[in-house]
Amino acid sequence: MKSGLASVRKATYNNSIKTNFAMFALGTNRILAALPHEEITRLLPELERIDLALGDQVYESGGRLDYVWFPTSCIVSLIYTMESGAVAEMGLVGNDGMVGVALFMGGDTMPNCAVVQLGGSAIRMRAKTLQAEFLRGGPLQKLLLRYTQALITQISQTAVCNRLHSVEQRLSRWLLLCHDRSGSDELPMTQEFISNMLGGRRQSVTVAAGRLQDAGLIHYSRGHITIVDRTGLENSVCECYQVVKTEFDRLLG
C-alpha cells in the first residue's frame, strides 16, 4: 500500500512538473500565451515540444502539411524559390505566430517552403487537431485569424520595402524583425544567407552591413551579427518595420 501511494505521488509530482514546464514553454509563443488558461490546459495533450536546428526544413514547396508549428525560440523563414534557383524571403515567423496557415485557410499545401533560419524550439500540433479546433470557433480560431491578418501585412510590407527602399534600410528592418523574435542580441547568420533572404546581391548586403557596423549599430564577425545599438537601428530603419510591428501588437497584444 505504501509503495503504491508513493508511486501515485511520484506520478502526480512528475505530471505537475511536466504541466508547469509545458505551460512555461507555451507562454513564450504569443498565440498560445493569449489563449485562456482553460483552453491551453485542454489542448496540452495535443501539443509537443520540438527542437529545430538551423537549416531544418519545416515543410517543402507543394508538400502536405501534417503539423502546424508555434515557434517559441526559433525563427522560420517563408521562402519562395524561382525556376532559376534564385530565392527570396516572403516573411518570417518567430514567437509571434505559427507556421502552416494553409491548414485552416482551406489548403493542405503551400507553394513556398519554410526553413529554420535561427535554431531553437517550437510547439507543434497535428494538422487534424488544429483543423478540428478551428472549426469549433473558439478563442484559438479568433487568434489564428488575427495572426493571419498580421502575417499578410508583413508579407505585403516586405514586397513594398524590397521594391522601394535601400538595401541598408531593408537590412535594418530584417534585423529588427529577427531581434524582436529571437530575444537575443546575437544572430548567427552569414551575409550570403541574408542576401538570399532580402533577394539582393551579397556584395550589396556586405556594403550595407559595413555601413551599419561603421555607425556602431551592429557588429559582424564570422557568420554572427550582434545588435549593438537597437535604438540607433530603429532610427535608421524605414517605415516598414514600424508598420509591421504596430499591426502585430494591435492584433495579438
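What you see is a predicted model; the values in this text were computed from it and never measured.
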Counting C-beta onward and ignoring hydrogens, is there a side-chain heavy-atom pair between [X] and [Y] closer than 4.5 Å?
{"X": "Leu187", "Y": "Ser182", "result": "yes"}
{"X": "Leu32", "Y": "Ile40", "result": "yes"}
{"X": "Val68", "Y": "Arg124", "result": "no"}
{"X": "Leu176", "Y": "Val237", "result": "yes"}
{"X": "Val76", "Y": "Trp69", "result": "no"}
{"X": "Thr72", "Y": "Ile123", "result": "yes"}
{"X": "Leu145", "Y": "Gln141", "result": "yes"}
{"X": "Tyr59", "Y": "Leu78", "result": "yes"}

So how far is it from [X] [atom1] to [Y] [atom2], rounded to the nearest 0.5 Å?
{"X": "Phe134", "Y": "Leu144", "atom1": "CZ", "atom2": "CG", "result": "6.5 Å"}
{"X": "Gln57", "Y": "Cys113", "atom1": "CD", "atom2": "SG", "result": "5.0 Å"}
{"X": "Glu89", "Y": "Ile155", "atom1": "CD", "atom2": "CD1", "result": "10.0 Å"}
{"X": "Leu177", "Y": "Thr158", "atom1": "CG", "atom2": "OG1", "result": "7.0 Å"}
{"X": "Thr81", "Y": "Asn112", "atom1": "OG1", "atom2": "CG", "result": "9.0 Å"}
{"X": "Ile218", "Y": "Arg211", "atom1": "CD1", "atom2": "CZ", "result": "12.5 Å"}

key: side-chain hydrogen bond (donor to acceptor under 3.5 Å, both in side chains): pairs with one or both residues in residues 146-157, sequence neighbours excluded   =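 Sorted pair list: Gln149-Glu247.
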Closest approach of [X] and [Y], non-hydrogen atoms and distance?
{"X": "Leu65", "Y": "Ala102", "result": "CD1-CB, 4.0 Å"}
{"X": "Ala127", "Y": "Leu103", "result": "CB-CD1, 3.5 Å"}
{"X": "Cys161", "Y": "Cys238", "result": "SG-SG, 3.6 Å"}
{"X": "Leu143", "Y": "Leu252", "result": "O-CD2, 4.1 Å"}
{"X": "Cys178", "Y": "Ile75", "result": "O-CD1, 3.5 Å"}
{"X": "Val99", "Y": "Ala114", "result": "CG1-CB, 4.0 Å"}

Who passes side-chain contact (heavy atoms from CB on, under 4.5 Å) against [X], sequence neighbours left out?
{"X": "Arg64", "result": "Asp66, Asp108"}
{"X": "His224", "result": "Glu186, Pro188"}
{"X": "Ser221", "result": "His219"}

Chi angles and distances behind the side-chain contact (heavy atoms from CB on, under 4.5 Å) call for Leu35, Leu140 = CA-CA 7 Å; Leu35 288 171; Leu140 182 57; 4.0 Å; yes
Would a single hydrophobic cluster contain both [Y] and [X], if residues Ile, Leu, Val, Met, Phe, Trp and Tyr are joined by side-chain heavy-atom contacts under 4.5 Å?
{"X": "Val93", "Y": "Met105", "answer": "yes"}
{"X": "Leu118", "Y": "Ile50", "answer": "yes"}
{"X": "Leu54", "Y": "Ile225", "answer": "no"}

query = Distance-only, no hydrogens or angles: does the Asp56 side chain make a donor-acceptor pair with backbone N or O of Ala53 under 3.5 Å?
reply =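 The answer is yes, because a donor-acceptor pair under 3.5 Å joins these two groups.
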query = Is there a donor-acceptor contact under 3.5 Å from the side chain of Ser73 to the main chain of Ser121?
reply =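 Between the backbone of Ser121 and the side chain of Ser73 there is a qualifying donor-acceptor contact (under 3.5 Å).
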task = Could you list the residues that satisfy ring-ring contact (aromatic ring centres under 6.0 Å, His included) with Tyr67, not counting sequence neighbours?
result =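 Listed in chain order: nothing, the list is empty.
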Mind listing the side-chain donor-acceptor pairs of residues 228-235 below 3.5 Å, one per line with the distance, residues two or more places apart or on another chain?
from	atom 1	to	atom 2	distance (Å)
Asp229	OD1	Thr231	N	3.4
Asp229	OD1	Gly232	N	2.9
Arg230	NE	Glu234	OE2	2.9
Arg230	NH1	His179	ND1	2.8
Arg230	NH1	Asp180	OD1	2.8
Arg230	NH2	Asp180	OD1	2.8
Arg230	NH2	Glu234	OE2	3.1
Arg230	NH2	Tyr241	OH	2.6
Asn235	ND2	Thr231	O	3.3

inquiry  = For Glu60, I'd like to know if atom CD has over 12 heavy atoms of other residues, nucleotides or ligands within 6.0 Å.
reply    =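 It does not: Glu60 CD has 12 such atoms or fewer within range.
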task = Kindly indicate, with the supporting measurements, whether the criterion side-chain contact (heavy atoms from CB on, under 4.5 Å) is fulfilled by Arg173 and Glu239.
result = CA-CA 9 Å; Arg173 170 188 58 82; Glu239 64 197 76; over 6 Å; no
query = Checking side-chain contact (heavy atoms from CB on, under 4.5 Å) for the pair Cys74/Leu52: CA distance, chi angles, key distance, verdict?
reply = CA-CA 7 Å; Cys74 68; Leu52 297 170; 4.0 Å; yes
inquiry  = I'd like to know if Glu46 pairs up with Lys128 as an ion pair, taking the criterion as any Lys NZ or Arg NE/NH1/NH2 lying under 4.0 Å from an Asp or Glu carboxylate oxygen.
reply    =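 A salt bridge is absent here (no side-chain N lies under 4.0 Å from a carboxylate O).
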request  = Before giving the answer on side-chain contact (heavy atoms from CB on, under 4.5 Å), spell out for Ser172 and Leu212 the whole-Å C-alpha distance, their side-chain angles and the decisive distance to 0.1 Å.
outcome  = CA-CA 8 Å; Ser172 297; Leu212 294 179; 3.7 Å; yes
query = Taking atom types as modelled, is there a side-chain donor on Arg30 or Asn95 under 3.5 Å from an acceptor on the other?
reply =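 Asn95 and Arg30 do not have a side-chain donor-acceptor pair below 3.5 Å.
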